[in-house]
Amino acid sequence: MLDGKVKDSRYPLSFHCTPEEGLLNDPNGLIEYQGVYHLFYQWNSKDCSHDYKSWGHVVSPDMVHWERLPAALIPSESYDKDGIYSGSAIEKDGKLYLFYTGNVINPDGSRSSFQCWAVSESGVEFKKLGPLFEHPQGYTRHVRDPKVWFDNKTHQWRLVLGAQTLAEQGTILCYSSNDFKKWQFDGELFDPDEMDKISQRGYMWECPDLFQVDGQELLLYSPQGLTVEREQYQNIHQTIYLPLTKEWQIVPENGLIEMDWGFEFYAPQTFETADGRRVLYGWMGVMPPEKEQSQPTVAERWVHCLTIPREVNFHEGRLYQRPVRELQQLRGEESSFELMRDWESPLAEFGSEVCLIFDSPAKEFQFEVTTGFLLKFDVQTAMLVLSRTNWEDGEEEFRRYQLNEPLKEIQLMIDGSAVEIFVNHGVAVASARFFASEKPRLKYTGKNQGHGVHFSLLDCR
Ligand code: FRU
């Protein structure tokens, strides 16, 4: 968006949503309302800490060109005085409703959470309507992130929450409403037998999202407390997708699949566009506090961004994520190159899109985004490897993805300090930030049959 602090940043981002200043985390309240896309996000406008959360707000006619609006919700009431936490949006009877969690620090230092709502007729100013229901019994105060939708099968409103049981295990709570006012607690999404199908539970589940795409019920959630399993669950927290049956039971053979194998993707949310597409935004991203505070943009008083909008599909048991087609409007000058020879180009001023198309299954190659940040393909192990020099201690760090099919195509969306990599039409996706000390140069090295296409992206202010 190239405004606010980011405009003068050494690490500018032009087509990723950033805060004007301060800290951004989860995408919230995604909706197409009266023909306009509304994107809200967790925002600490005061500094780069997680101490104060409001809902930042941007709007767009096309998910490409954005306009900033004033914060939609800021802490003000007894039930949300210490933070407006994550949630979702619904249009009903021409009005825009926001559902969020009010965070409260009590005088004795303990915390409470309240599930709240607010309404708007303008889509700009919101009136708070207060808490929706009592805190459920049997759970710690870690109950949050309401996602609301209308269930066409039961003709009811549904609401799910991320939660922690008193035994400190992650779970999801379900509510329903016939009249959009009174909410009934329907218990946990999964009973103990279902939970047994999950190899690792973790101590808290955040930001659940339950929806249908291509006839498949899917649950996305962001568990905390998973331990590393080979190349999986390497980040501090992760996001998992689970295919469910129509009765919301877990399809066991799938296991816990991470939605993004990069460094810091977390807390995504989806919404349905008027033309029926399921679109996702995630946060880039989650990381340990020391790493966050040493992120180079903190010195410039802003930190983090959202992913680009990704269209989500489901085919033959697998989730696909691809940049929404609207982003093709940003394609400017186009050039192509052969994958048989090395290729090099500076990163374009407003970012570059690069597509590598392999005519036969890819052999060894490497694609450098900038010094110290590269994507490699290791044919021996069929492993994609992302490596970068860590800004915290200067060490190299890696994320790996085991590809169980021939590598045919890679699309890279490269902004000034963020990259998103879509493999084989989005069946595997990796996102990561990078902080280059000099102007990044893109370099392909390898000997493959096929070609690459480079688009310099246009200014999308
Ligand atoms: C996920 C999360 C949510 C919470 C919000 C607070 O990143 O921890 O569970 O609502 O961030 O900013």
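Side chains included, hydrogens not; waters and symmetry mates left out as well; all remaining heavy atoms used. Just so you know, ligand 1 is whichever comes first in the structure, and atom 1 is the first atom listed for that ligand.
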Residue by residue, ordered by chain and number, which ones reach under 4.0 Å of ligand 1 with a heavy atom?
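Within the 4.0 Å shell of ligand 1, which is judged on heavy atoms, sit N25, D26, Q42, K53, Y85, S86, R144, D145, E206, Y266, W283.
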
According to the interplanar angle, ranging from 0 to 90°, do the rings of [X] and [Y] count as parallel (below 30°), tilted (30 to 60°) or perpendicular (above 60°)?
X	Y	result
Y97	F99	tilted
Y266	H237	tilted
W205	Y221	tilted

Determine which pairs satisfy side-chain hydrogen bond (donor to acceptor under 3.5 Å, both in side chains) with at least one residue from residues 318-328, sequence neighbours left out, and list them in order.
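Pairs touching residues 318-328 that pass the test: D275-R325, R277-E326, R310-Q321, R318-E405, R322-E409, R322-Q411, R322-H425.
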
Within the 6.0 Å centroid threshold, strictly below: Y11 and W391:
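For Y11 and W391, the ring centres are not under 6.0 Å apart.
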
Heavy-atom count check: over 12 atoms from other residues, nucleotides or ligands less than 6.0 Å from K81 NZ?
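It does: K81 NZ has more than 12 such atoms within range.
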
